Undergrad: 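Okay, handing you the structure first.
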Amino acid sequence: MRQDYTATDNRENHKEKHHRDTSQNEMFKTVYQYSKGILLPADMKKLEEIACDYCKVKNYVYQRYGGINSISKLYPGYTVQNEMTKSGLRNNLGLPAVYFYCAIFDALGDIKSQWSHIRTKVEKNIRTHPELMPEERHYLRFTIKQSQCFSAVLSGKTPSADGNWQESYSTLRASVNAKRLDQYLRRQVRKHLKKLHTNATDGFSVTTKGYRYGDHGIYLSTKENRKRIFIPLTDNNHYERQIHVTIDPQTGKVKLSIPVTIQVKNRPDYCNEIGLAISMTKMFITDQGNVYGAEFGVHQMDLTEYIRTGLTRYRKNSRHNPGRKKYYAKKKRLEATLHSYINAEINRMLKTEKPRVIYLPKLPPTPTVGAIRKINYSVNMWQRGYVKKRLAQKCKEYAIEFVEVFGKDISNICSRCGKHGIKKHGVFICESCGLKLTEKHNTAKNAKSRGKALKEQERLQKGDAAKQQAML
(Lines give C-alpha, C1' and ligand atoms only; values in the text may rest on other atoms or scores of the structure.)
Protein backbone atom coordinates (compact mmCIF):
# COMPACT_ATOMS: atom_id res chain seq x y z
CA MET A 1 0.00 0.00 0.00
CA ARG A 2 3.01 2.29 0.24
CA GLN A 3 2.97 2.41 -3.54
CA ASP A 4 -0.60 3.73 -3.52
CA TYR A 5 0.39 6.49 -1.13
CA THR A 6 3.37 7.45 -3.29
CA ALA A 7 1.07 7.68 -6.28
CA THR A 8 -1.40 9.73 -4.29
CA ASP A 9 1.16 12.41 -3.47
CA ASN A 10 -1.07 14.42 -1.15
CA ARG A 11 -0.89 18.11 -1.98
CA GLU A 12 0.61 19.11 1.37
CA ASN A 13 3.29 16.40 1.36
CA HIS A 14 3.90 17.04 -2.34
CA LYS A 15 4.60 20.69 -1.63
CA GLU A 16 6.91 19.95 1.33
CA LYS A 17 8.90 17.44 -0.72
CA HIS A 18 9.43 19.85 -3.59
CA HIS A 19 10.34 22.69 -1.24
CA ARG A 20 13.26 20.58 -0.08
CA ASP A 21 14.31 19.68 -3.61
CA THR A 22 13.89 22.98 -5.40
CA SER A 23 16.26 25.92 -5.12
CA GLN A 24 15.47 29.47 -4.06
CA ASN A 25 15.07 30.36 -7.72
CA GLU A 26 11.85 28.34 -7.97
CA MET A 27 8.37 28.78 -6.56
CA PHE A 28 4.96 27.15 -6.73
CA LYS A 29 2.00 28.44 -8.67
CA THR A 30 -1.43 27.04 -9.49
CA VAL A 31 -2.41 27.03 -13.15
CA TYR A 32 -5.88 26.31 -14.48
CA GLN A 33 -7.28 24.48 -17.46
CA TYR A 34 -10.89 24.76 -18.61
CA SER A 35 -13.17 22.43 -20.49
CA LYS A 36 -14.15 23.40 -24.01
CA GLY A 37 -17.86 23.31 -24.66
CA ILE A 38 -20.42 21.56 -22.49
CA LEU A 39 -19.99 18.00 -21.20
CA LEU A 40 -22.58 15.38 -22.00
CA PRO A 41 -25.11 14.92 -19.14
CA ALA A 42 -24.13 11.24 -18.81
CA ASP A 43 -20.45 12.15 -18.42
CA MET A 44 -21.21 14.89 -15.92
CA LYS A 45 -23.30 12.45 -13.90
CA LYS A 46 -20.32 10.07 -13.67
CA LEU A 47 -18.14 12.91 -12.39
CA GLU A 48 -20.82 13.84 -9.85
CA GLU A 49 -20.83 10.26 -8.55
CA ILE A 50 -17.06 10.39 -8.05
CA ALA A 51 -17.32 13.76 -6.26
CA CYS A 52 -20.10 12.42 -4.01
CA ASP A 53 -18.09 9.33 -3.05
CA TYR A 54 -15.00 11.49 -2.56
CA CYS A 55 -16.99 13.57 -0.06
CA LYS A 56 -18.14 10.41 1.77
CA VAL A 57 -14.56 9.18 2.15
CA LYS A 58 -13.43 12.54 3.55
CA ASN A 59 -16.27 12.62 6.08
CA TYR A 60 -15.47 9.04 7.13
CA VAL A 61 -11.85 10.05 7.78
CA TYR A 62 -12.97 13.18 9.66
CA GLN A 63 -15.23 11.14 11.91
CA ARG A 64 -12.77 8.33 12.56
CA TYR A 65 -9.48 10.23 12.86
CA GLY A 66 -10.48 13.78 13.79
CA GLY A 67 -10.47 13.16 17.55
CA ILE A 68 -7.77 13.30 20.20
CA ASN A 69 -7.17 9.54 20.22
CA SER A 70 -5.91 9.55 16.63
CA ILE A 71 -3.17 12.20 16.91
CA SER A 72 -0.42 9.59 16.88
CA LYS A 73 -1.77 8.12 13.63
CA LEU A 74 -1.70 11.37 11.65
CA TYR A 75 2.04 11.41 10.93
CA PRO A 76 3.05 10.36 8.35
CA GLY A 77 -0.32 8.75 7.59
CA TYR A 78 0.55 5.20 6.59
CA THR A 79 -1.39 3.79 9.56
CA VAL A 80 -4.53 5.62 8.50
CA GLN A 81 -4.03 4.49 4.91
CA ASN A 82 -3.73 0.84 5.91
CA GLU A 83 -6.71 0.99 8.26
CA MET A 84 -8.83 2.67 5.59
CA THR A 85 -7.86 -0.06 3.12
CA LYS A 86 -8.95 -2.76 5.56
CA SER A 87 -12.22 -0.93 6.34
CA GLY A 88 -13.76 -2.06 3.04
CA LEU A 89 -15.15 1.41 2.31
CA ARG A 90 -13.46 1.60 -1.06
CA ASN A 91 -15.04 -1.69 -2.21
CA ASN A 92 -18.46 -0.63 -0.94
CA LEU A 93 -18.29 2.62 -2.90
CA GLY A 94 -16.55 1.14 -5.92
CA LEU A 95 -14.22 4.13 -5.98
CA PRO A 96 -10.90 3.74 -7.86
CA ALA A 97 -7.71 3.96 -5.81
CA VAL A 98 -6.60 7.11 -7.66
CA TYR A 99 -9.51 8.94 -6.01
CA PHE A 100 -9.88 6.98 -2.77
CA TYR A 101 -6.38 7.65 -1.42
CA CYS A 102 -6.47 11.27 -2.57
CA ALA A 103 -9.62 11.75 -0.48
CA ILE A 104 -7.94 10.13 2.54
CA PHE A 105 -4.91 12.38 2.45
CA ASP A 106 -6.95 15.48 1.64
CA ALA A 107 -8.96 14.81 4.80
CA LEU A 108 -5.80 14.11 6.79
CA GLY A 109 -4.40 17.42 5.57
CA ASP A 110 -7.48 19.20 6.92
CA ILE A 111 -7.18 17.40 10.27
CA LYS A 112 -3.47 18.25 10.55
CA SER A 113 -4.24 21.86 9.69
CA GLN A 114 -6.86 22.03 12.44
CA TRP A 115 -4.45 20.62 15.01
CA SER A 116 -1.82 23.12 13.90
CA HIS A 117 -4.28 25.98 14.41
CA ILE A 118 -5.29 24.57 17.80
CA ARG A 119 -1.67 24.43 18.95
CA THR A 120 -1.13 28.01 17.79
CA LYS A 121 -4.20 29.29 19.63
CA VAL A 122 -3.38 27.38 22.83
CA GLU A 123 0.21 28.64 22.80
CA LYS A 124 -1.07 32.20 22.43
CA ASN A 125 -3.40 31.73 25.42
CA ILE A 126 -0.54 30.27 27.45
CA ARG A 127 1.66 33.24 26.57
CA THR A 128 -0.98 35.80 27.59
CA HIS A 129 -2.32 33.99 30.69
CA PRO A 130 -1.57 36.33 33.63
CA GLU A 131 -1.52 33.65 36.37
CA LEU A 132 0.88 31.14 34.84
CA MET A 133 4.44 30.99 36.15
CA PRO A 134 7.42 30.75 33.74
CA GLU A 135 8.08 27.09 34.58
CA GLU A 136 4.39 26.29 34.04
CA ARG A 137 4.44 27.95 30.63
CA HIS A 138 7.59 25.99 29.80
CA TYR A 139 5.92 22.72 30.79
CA LEU A 140 2.81 23.43 28.70
CA ARG A 141 4.84 24.44 25.64
CA PHE A 142 7.00 21.34 25.94
CA THR A 143 3.93 19.12 26.18
CA ILE A 144 2.34 20.71 23.13
CA LYS A 145 5.43 20.31 20.97
CA GLN A 146 5.96 16.65 21.92
CA SER A 147 3.18 14.83 20.03
CA GLN A 148 3.45 11.74 22.21
CA CYS A 149 3.07 13.77 25.42
CA PHE A 150 0.34 15.92 23.92
CA SER A 151 -1.73 12.92 22.87
CA ALA A 152 -1.29 11.21 26.26
CA VAL A 153 -2.35 14.29 28.23
CA LEU A 154 -5.47 14.80 26.11
CA SER A 155 -6.38 11.13 26.54
CA GLY A 156 -5.96 11.30 30.32
CA LYS A 157 -2.93 8.99 30.31
CA THR A 158 0.49 9.42 31.90
CA PRO A 159 2.67 11.19 29.32
CA SER A 160 6.18 10.08 28.43
CA ALA A 161 8.66 11.80 26.15
CA ASP A 162 10.75 10.20 23.44
CA GLY A 163 14.30 8.96 24.05
CA ASN A 164 16.66 11.39 25.73
CA TRP A 165 13.85 13.84 26.54
CA GLN A 166 12.24 11.54 29.11
CA GLU A 167 14.51 12.44 32.04
CA SER A 168 14.21 16.18 31.41
CA TYR A 169 10.45 15.91 30.98
CA SER A 170 10.03 13.91 34.21
CA THR A 171 12.01 16.54 36.12
CA LEU A 172 9.98 19.34 34.58
CA ARG A 173 6.70 17.57 35.32
CA ALA A 174 7.67 17.05 38.96
CA SER A 175 8.44 20.77 39.42
CA VAL A 176 4.87 21.94 38.61
CA ASN A 177 1.31 21.00 39.44
CA ALA A 178 1.02 18.72 36.42
CA LYS A 179 -2.53 17.61 37.15
CA ARG A 180 -3.86 21.17 37.13
CA LEU A 181 -1.91 22.12 34.02
CA ASP A 182 -3.03 19.00 32.17
CA GLN A 183 -6.64 19.86 32.95
CA TYR A 184 -6.06 23.41 31.69
CA LEU A 185 -4.58 22.04 28.47
CA ARG A 186 -7.54 19.70 27.93
CA ARG A 187 -9.99 22.56 28.46
CA GLN A 188 -8.19 24.72 25.94
CA VAL A 189 -8.20 21.97 23.31
CA ARG A 190 -11.90 21.18 23.86
CA LYS A 191 -12.61 24.87 23.41
CA HIS A 192 -11.04 25.01 19.93
CA LEU A 193 -11.48 21.46 18.62
CA LYS A 194 -14.31 21.27 16.07
CA LYS A 195 -15.92 18.30 14.41
CA LEU A 196 -14.90 18.46 10.78
CA HIS A 197 -17.51 17.77 8.12
CA THR A 198 -18.02 18.72 4.49
CA ASN A 199 -20.96 18.76 2.12
CA ALA A 200 -18.88 19.84 -0.87
CA THR A 201 -19.53 17.58 -3.84
CA ASP A 202 -18.19 19.91 -6.52
CA GLY A 203 -14.73 18.45 -6.98
CA PHE A 204 -12.08 15.84 -6.28
CA SER A 205 -8.36 15.22 -6.69
CA VAL A 206 -6.78 12.59 -8.92
CA THR A 207 -3.23 11.28 -9.29
CA THR A 208 -1.26 10.89 -12.51
CA LYS A 209 -2.43 7.28 -12.86
CA GLY A 210 -6.03 8.43 -13.09
CA TYR A 211 -5.74 10.59 -16.21
CA ARG A 212 -3.89 11.07 -19.46
CA TYR A 213 -3.76 13.91 -21.95
CA GLY A 214 -4.53 13.42 -25.62
CA ASP A 215 -6.68 14.55 -28.56
CA HIS A 216 -6.72 18.18 -27.33
CA GLY A 217 -8.23 17.13 -24.00
CA ILE A 218 -7.90 14.85 -20.99
CA TYR A 219 -9.15 11.34 -20.28
CA LEU A 220 -10.32 10.82 -16.68
CA SER A 221 -10.83 7.47 -14.96
CA THR A 222 -14.36 6.54 -13.91
CA LYS A 223 -15.90 3.98 -11.57
CA GLU A 224 -16.21 1.62 -14.53
CA ASN A 225 -13.21 -0.60 -15.21
CA ARG A 226 -11.03 0.44 -18.17
CA LYS A 227 -13.39 3.26 -19.17
CA ARG A 228 -12.52 6.93 -19.12
CA ILE A 229 -14.36 10.18 -19.75
CA PHE A 230 -12.96 12.49 -22.40
CA ILE A 231 -13.00 16.21 -21.56
CA PRO A 232 -11.93 18.57 -24.38
CA LEU A 233 -9.78 21.45 -23.11
CA THR A 234 -9.22 25.01 -24.28
CA ASP A 235 -5.43 24.52 -24.40
CA ASN A 236 -2.99 21.75 -25.28
CA ASN A 237 -0.76 21.95 -22.19
CA HIS A 238 0.20 18.64 -20.57
CA TYR A 239 1.10 18.14 -16.90
CA GLU A 240 2.20 15.24 -14.73
CA ARG A 241 1.02 16.29 -11.31
CA GLN A 242 -1.81 15.50 -8.98
CA ILE A 243 -4.65 17.69 -10.19
CA HIS A 244 -7.90 18.89 -8.65
CA VAL A 245 -11.04 18.64 -10.77
CA THR A 246 -13.85 21.14 -10.11
CA ILE A 247 -17.22 20.40 -11.72
CA ASP A 248 -20.22 22.65 -12.34
CA PRO A 249 -23.23 20.48 -13.23
CA GLN A 250 -25.44 23.51 -13.91
CA THR A 251 -23.24 24.83 -16.70
CA GLY A 252 -21.67 21.52 -17.73
CA LYS A 253 -18.19 22.99 -17.26
CA VAL A 254 -15.05 21.54 -15.68
CA LYS A 255 -11.98 23.31 -14.27
CA LEU A 256 -8.62 21.66 -13.57
CA SER A 257 -6.24 23.10 -10.94
CA ILE A 258 -2.59 22.05 -11.31
CA PRO A 259 0.28 23.04 -8.96
CA VAL A 260 3.40 23.74 -10.99
CA THR A 261 6.95 24.91 -10.31
CA ILE A 262 8.05 28.10 -12.05
CA GLN A 263 11.35 29.94 -12.23
CA VAL A 264 11.70 33.16 -10.24
CA LYS A 265 12.40 36.12 -12.53
CA ASN A 266 15.47 37.80 -11.06
CA ARG A 267 15.79 41.31 -12.50
CA PRO A 268 19.16 43.03 -11.89
CA ASP A 269 17.65 46.43 -12.67
CA TYR A 270 15.09 46.08 -9.87
CA CYS A 271 17.11 47.88 -7.19
CA ASN A 272 14.81 50.48 -5.58
CA GLU A 273 13.17 50.54 -2.15
CA ILE A 274 9.61 51.87 -2.15
CA GLY A 275 6.85 52.43 0.38
CA LEU A 276 3.24 51.78 -0.57
CA ALA A 277 -0.16 52.71 0.79
CA ILE A 278 -3.43 51.04 -0.24
CA SER A 279 -6.52 53.15 -0.82
CA MET A 280 -10.16 52.40 -1.58
CA THR A 281 -10.24 54.85 -4.48
CA LYS A 282 -6.68 54.63 -5.79
CA MET A 283 -5.11 51.24 -5.40
CA PHE A 284 -1.47 52.18 -4.69
CA ILE A 285 0.26 55.42 -3.76
CA THR A 286 4.08 55.28 -3.53
CA ASP A 287 6.38 57.27 -1.26
CA GLN A 288 7.20 59.43 -4.30
CA GLY A 289 3.51 60.25 -4.77
CA ASN A 290 3.03 58.10 -7.87
CA VAL A 291 -0.47 56.66 -8.26
CA TYR A 292 -1.31 53.24 -9.67
CA GLY A 293 -4.83 51.96 -10.07
CA ALA A 294 -6.56 55.33 -10.33
CA GLU A 295 -9.75 53.64 -11.56
CA PHE A 296 -9.70 51.02 -8.82
CA GLY A 297 -12.44 52.78 -6.86
CA VAL A 298 -14.70 52.93 -9.91
CA HIS A 299 -14.47 49.18 -10.58
CA GLN A 300 -14.82 48.43 -6.86
CA MET A 301 -17.91 50.64 -6.57
CA ASP A 302 -19.53 49.05 -9.63
CA LEU A 303 -19.20 45.62 -8.03
CA THR A 304 -20.25 46.80 -4.56
CA GLU A 305 -23.33 48.66 -5.78
CA TYR A 306 -24.42 45.77 -7.97
CA ILE A 307 -24.20 43.31 -5.07
CA ARG A 308 -25.92 45.67 -2.64
CA THR A 309 -28.82 46.49 -4.94
CA GLY A 310 -29.09 42.88 -6.06
CA LEU A 311 -29.42 41.63 -2.49
CA THR A 312 -31.97 44.32 -1.66
CA ARG A 313 -34.02 43.44 -4.72
CA TYR A 314 -33.80 39.73 -3.91
CA ARG A 315 -35.01 40.22 -0.32
CA LYS A 316 -37.99 42.30 -1.44
CA ASN A 317 -39.05 39.75 -4.06
CA SER A 318 -37.97 36.52 -2.37
CA ARG A 319 -41.28 34.78 -3.11
CA HIS A 320 -41.57 35.71 -6.77
CA ASN A 321 -37.89 36.11 -7.65
CA PRO A 322 -37.23 34.95 -11.23
CA GLY A 323 -33.85 33.41 -10.30
CA ARG A 324 -30.27 34.29 -9.54
CA LYS A 325 -28.55 32.99 -12.66
CA LYS A 326 -28.23 36.40 -14.34
CA TYR A 327 -27.24 38.03 -11.06
CA TYR A 328 -24.35 35.62 -10.44
CA ALA A 329 -23.26 35.79 -14.08
CA LYS A 330 -22.92 39.58 -14.00
CA LYS A 331 -21.32 39.50 -10.56
CA LYS A 332 -18.72 37.09 -11.92
CA ARG A 333 -18.04 39.39 -14.89
CA LEU A 334 -17.60 42.43 -12.63
CA GLU A 335 -15.23 40.51 -10.33
CA ALA A 336 -13.21 39.31 -13.32
CA THR A 337 -12.95 42.89 -14.62
CA LEU A 338 -11.80 44.15 -11.22
CA HIS A 339 -9.25 41.37 -10.78
CA SER A 340 -7.86 41.88 -14.26
CA TYR A 341 -7.45 45.58 -13.55
CA ILE A 342 -5.70 44.87 -10.23
CA ASN A 343 -3.20 42.50 -11.82
CA ALA A 344 -2.52 44.85 -14.72
CA GLU A 345 -1.83 47.77 -12.39
CA ILE A 346 0.44 45.70 -10.14
CA ASN A 347 2.45 44.69 -13.22
CA ARG A 348 2.63 48.31 -14.37
CA MET A 349 3.76 49.48 -10.93
CA LEU A 350 6.54 46.87 -10.74
CA LYS A 351 7.71 47.60 -14.28
CA THR A 352 7.83 51.35 -13.61
CA GLU A 353 9.16 51.49 -10.05
CA LYS A 354 11.58 48.52 -10.41
CA PRO A 355 11.57 47.76 -6.66
CA ARG A 356 14.00 45.50 -4.83
CA VAL A 357 12.09 45.93 -1.55
CA ILE A 358 8.45 46.94 -1.02
CA TYR A 359 7.24 48.22 2.37
CA LEU A 360 3.51 48.03 3.07
CA PRO A 361 1.67 48.88 6.33
CA LYS A 362 -0.13 45.98 8.00
CA LEU A 363 -3.79 46.38 7.21
CA PRO A 364 -6.17 46.77 10.18
CA PRO A 365 -9.20 44.46 10.53
CA THR A 366 -12.33 45.37 8.62
CA PRO A 367 -14.71 47.39 10.85
CA THR A 368 -18.08 45.80 11.62
CA VAL A 369 -20.01 49.05 12.12
CA GLY A 370 -19.87 52.47 10.55
CA ALA A 371 -21.49 55.87 10.64
CA ILE A 372 -23.20 55.41 7.29
CA ARG A 373 -24.58 52.02 6.32
CA LYS A 374 -23.75 52.40 2.62
CA ILE A 375 -20.14 53.42 3.35
CA ASN A 376 -19.72 50.60 5.85
CA TYR A 377 -20.97 48.11 3.26
CA SER A 378 -18.45 49.44 0.74
CA VAL A 379 -15.62 49.02 3.26
CA ASN A 380 -16.64 45.42 3.94
CA MET A 381 -16.72 44.69 0.19
CA TRP A 382 -13.32 46.33 -0.37
CA GLN A 383 -11.08 43.69 -1.94
CA ARG A 384 -7.90 44.79 -0.23
CA GLY A 385 -7.16 41.18 0.74
CA TYR A 386 -7.04 40.19 -2.92
CA VAL A 387 -4.81 43.19 -3.72
CA LYS A 388 -2.35 42.23 -0.99
CA LYS A 389 -2.37 38.56 -2.01
CA ARG A 390 -1.66 39.35 -5.65
CA LEU A 391 1.07 41.84 -4.73
CA ALA A 392 2.76 39.23 -2.51
CA GLN A 393 2.52 36.66 -5.29
CA LYS A 394 4.07 39.01 -7.84
CA CYS A 395 6.86 39.86 -5.41
CA LYS A 396 7.69 36.15 -5.13
CA GLU A 397 7.72 35.76 -8.91
CA TYR A 398 10.16 38.66 -9.33
CA ALA A 399 12.31 37.91 -6.22
CA ILE A 400 11.20 41.18 -4.60
CA GLU A 401 11.36 41.41 -0.82
CA PHE A 402 7.89 42.13 0.57
CA VAL A 403 7.93 43.65 4.08
CA GLU A 404 4.87 44.47 6.18
CA VAL A 405 5.55 47.21 8.72
CA PHE A 406 3.79 48.20 11.94
CA GLY A 407 0.73 50.15 10.90
CA LYS A 408 -0.50 51.82 14.11
CA ASP A 409 -0.81 55.61 13.71
CA ILE A 410 1.11 55.41 10.44
CA SER A 411 -1.27 57.85 8.76
CA ASN A 412 -1.36 60.28 11.71
CA ILE A 413 2.38 60.90 12.04
CA CYS A 414 4.32 63.38 9.94
CA SER A 415 6.79 61.69 7.60
CA ARG A 416 9.18 64.66 7.91
CA CYS A 417 9.38 65.45 11.64
CA GLY A 418 7.58 62.54 13.29
CA LYS A 419 4.99 64.69 15.08
CA HIS A 420 1.26 64.03 15.08
CA GLY A 421 -0.71 66.00 12.52
CA ILE A 422 -4.30 66.42 11.41
CA LYS A 423 -6.21 65.04 8.42
CA LYS A 424 -8.80 67.00 6.50
CA HIS A 425 -10.58 65.71 3.39
CA GLY A 426 -7.83 63.20 2.62
CA VAL A 427 -4.97 65.68 3.19
CA PHE A 428 -2.40 65.39 5.98
CA ILE A 429 -1.26 68.64 7.58
CA CYS A 430 1.58 68.86 10.08
CA GLU A 431 1.24 71.90 12.34
CA SER A 432 4.80 71.49 13.61
CA CYS A 433 6.82 71.62 10.38
CA GLY A 434 4.15 72.72 7.90
CA LEU A 435 4.22 69.56 5.77
CA LYS A 436 1.15 69.19 3.59
CA LEU A 437 0.63 65.95 1.64
CA THR A 438 -2.20 63.69 0.66
CA GLU A 439 -2.93 61.26 3.49
CA LYS A 440 -1.87 58.16 1.53
CA HIS A 441 1.31 59.80 0.24
CA ASN A 442 2.32 60.56 3.83
CA THR A 443 1.44 56.97 4.83
CA ALA A 444 3.62 55.53 2.07
CA LYS A 445 6.59 57.66 3.15
CA ASN A 446 6.14 56.50 6.75
CA ALA A 447 5.92 52.87 5.58
CA LYS A 448 9.27 53.20 3.84
CA SER A 449 11.00 54.84 6.82
CA ARG A 450 9.59 52.29 9.27
CA GLY A 451 10.54 49.43 7.00
CA LYS A 452 14.13 50.60 6.62
CA ALA A 453 14.42 51.10 10.39
CA LEU A 454 13.08 47.57 10.96
CA LYS A 455 15.62 46.07 8.55
CA GLU A 456 18.46 47.99 10.21
CA GLN A 457 17.36 46.72 13.63
CA GLU A 458 17.29 43.14 12.36
CA ARG A 459 20.75 43.58 10.83
CA LEU A 460 22.17 44.81 14.14
CA GLN A 461 20.55 41.95 16.05
CA LYS A 462 22.06 39.42 13.65
CA GLY A 463 25.46 41.07 14.07
CA ASP A 464 25.24 40.89 17.87
CA ALA A 465 24.16 37.24 17.70
CA ALA A 466 27.09 36.43 15.42
CA LYS A 467 29.53 38.13 17.84
CA GLN A 468 28.16 36.16 20.79
CA GLN A 469 28.43 32.95 18.84
CA ALA A 470 32.02 33.73 17.91
CA MET A 471 32.91 34.44 21.54
CA LEU A 472 31.47 31.07 22.57
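Bear in mind that the values here come from a model prediction, so they are computed numbers and not experimental data.
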Undergrad: Under a 4.5 Å cut-off applied to non-hydrogen side-chain atoms, are Asp110 and Lys58 in contact?
TA: yes
Undergrad: Please tell me if the side chains of Phe284 and Glu345 come closer than 4.5 Å, counting only heavy atoms from C-beta onward.
TA: no
Undergrad: Just wondering, more than 12 heavy atoms not from Lys396 lying within 6.0 Å of its NZ?
TA: no
Undergrad: Please report the shortest heavy-atom distance between Arg212 and Arg228, naming the atom on each side.
TA: N-NH1, 3.4 Å
Undergrad: Could you measure the distance from the CG atom of Leu95 to the CG atom of Leu89? Nearest 0.5 Å is fine.
TA: 8.5 Å
Undergrad: Tell me which one of Thr208, Ile218, Val31 satisfies side-chain contact (heavy atoms from CB on, under 4.5 Å) with Ile243.
TA: Ile218
Undergrad: Going by atom types only, do Tyr386 and Asn343 share a side-chain donor-acceptor pair under 3.5 Å?
TA: yes
Undergrad: Ion pair present between Glu224 and Lys46, side-chain N to carboxylate O less than 4.0 angstrom?
TA: yes
Undergrad: Is there a side-chain contact (heavy atoms from CB on, under 4.5 Å) between Cys55 and Thr198? Walk through the geometry before answering.
TA: CA-CA 7 Å; Cys55 177; Thr198 181; 4.0 Å; yes
Undergrad: Check Val80 against Lys73 and note the closest heavy-atom contact, atom names and distance.
TA: CG2-O, 3.4 Å
Undergrad: Is there side-chain contact between Leu276 and Met349, with at least one heavy-atom pair below 4.5 Å?
TA: yes
Undergrad: Would you find a donor on one side and an acceptor on the other, under 3.5 Å apart, between the side chain of Thr222 and the backbone of Lys227?
TA: yes
Undergrad: Would you mind reporting whether Asn236 and His216 have side-chain heavy atoms less than 4.5 Å apart?
TA: yes
Undergrad: Side chains of Tyr213 and Gln33 only: does a donor on one sit below 3.5 Å from an acceptor on the other?
TA: yes
Undergrad: Is there a donor-acceptor pair under 3.5 Å between the side chain of Ser155 and the backbone N or O of Lys157?
TA: no
Undergrad: Checking Asp215 side chain against Gly217 main chain: does a donor-acceptor pair fall under 3.5 Å?
TA: no
Undergrad: Are the side chains of Lys112 and Tyr75 in touch, meaning some heavy atoms are under 4.5 Å apart?
TA: yes
Undergrad: Does Phe100 reach the side chain of Tyr54, with side-chain heavy atoms less than 4.5 Å apart?
TA: no
Undergrad: Looking at Arg173 and Asp182, is there a salt bridge between them, counting it only when a charged N and a carboxylate O are closer than 4.0 Å?
TA: yes
Undergrad: Determine whether more than 12 heavy atoms belonging to other residues, nucleotides or ligands lie under 6.0 Å from atom NZ of Lys36.
TA: no
Undergrad: Sequence neighbours excluded, which residues qualify as side-chain contact (heavy atoms from CB on, under 4.5 Å) partners of Cys395?
TA: Ile358, Leu391, Ile400, Phe402
Undergrad: Determine whether more than 12 heavy atoms belonging to other residues, nucleotides or ligands lie under 6.0 Å from atom CG of Asn225.
TA: no
Undergrad: Using every non-hydrogen atom in the two residues, find where Tyr211 and Tyr239 come nearest and quote the distance to one decimal.
TA: OH-O, 3.4 Å
Undergrad: Specify the closest pair of heavy atoms between Glu295 and Tyr341, including all atoms of both residues, with the distance to one decimal.
TA: N-OH, 2.9 Å
Undergrad: With a 4.0 Å cut-off on N to O distance, would you call Lys255 and Asp248 a salt bridge?
TA: no
Undergrad: Compare every heavy atom of Glu353 with every heavy atom of Tyr292, then report the nearest pair and how far apart it is.
TA: OH-OE2, 2.6 Å
Undergrad: When you measure from the side chain of Glu136 to the backbone N and O of Met133, does any donor-acceptor pair fall under 3.5 Å?
TA: yes
Undergrad: Taking the inter-plane angle between the rings of Tyr219 and Phe230 on a 0 to 90° scale, is it parallel (under 30°), tilted (30 to 60°) or perpendicular (over 60°)?
TA: tilted
Undergrad: In the structure I gave you, are the side-chain heavy atoms of Leu181 and Thr143 within less than 4.5 Å of one another anywhere?
TA: no
Undergrad: Can you measure from NZ (Lys194) to CD1 (Ile118) and round to the nearest 0.5 angstrom?
TA: 9.5 Å
Undergrad: Of all residues at least two apart in sequence or in a different chain, which pass the side-chain contact (heavy atoms from CB on, under 4.5 Å) check with His197?
TA: Asn59, Asn199
Undergrad: Strictly by modelled atom types, are Glu404 and Tyr359 linked by a side-chain donor-acceptor pair under 3.5 Å?
TA: no
Undergrad: Is the backbone of Ser116 close enough, under 3.5 Å, to the side chain of Thr120 for a donor and an acceptor to pair up by distance?
TA: yes
Undergrad: Using modelled atom types and a 3.5 Å cut-off, is there a donor and acceptor pairing between side-chain atoms of Arg137 and backbone atoms of Ile126?
TA: yes
Undergrad: Give the minimum heavy-atom separation between Pro159 and Tyr169, together with the two atoms involved.
TA: CG-OH, 3.4 Å
Undergrad: If we ignore hydrogens and angles and just use 3.5 Å, is the side chain of Ser113 paired with the main-chain N or O of Gly109 as donor and acceptor?
TA: no
Undergrad: Quick check: are there more than 12 heavy atoms from other residues, nucleotides or ligands sitting under 6.0 Å from NZ of Lys282?
TA: no
Undergrad: Test His339 against every option in Gln383, His299, Arg390 by the side-chain hydrogen bond (donor to acceptor under 3.5 Å, both in side chains) rule and name the one that passes.
TA: Gln383
Undergrad: When you check the side-chain N and O atoms of Tyr60 and Arg64, is any donor under 3.5 Å from an acceptor?
TA: yes
Undergrad: Which residue in the set Ile247, Asp202, Thr201 passes side-chain contact (heavy atoms from CB on, under 4.5 Å) when paired with Glu48?
TA: Ile247
Undergrad: For the residue pair Ser175 and Tyr139, confirm or rule out a side-chain donor-acceptor distance under 3.5 Å.
TA: no
Undergrad: Under 30°, 30 to 60°, or over 60°: which ring-plane class applies to Tyr398 and Tyr270, parallel, tilted or perpendicular?
TA: parallel
Undergrad: Does a side-chain heavy-atom distance below 4.5 Å link Met44 with Ile229?
TA: no
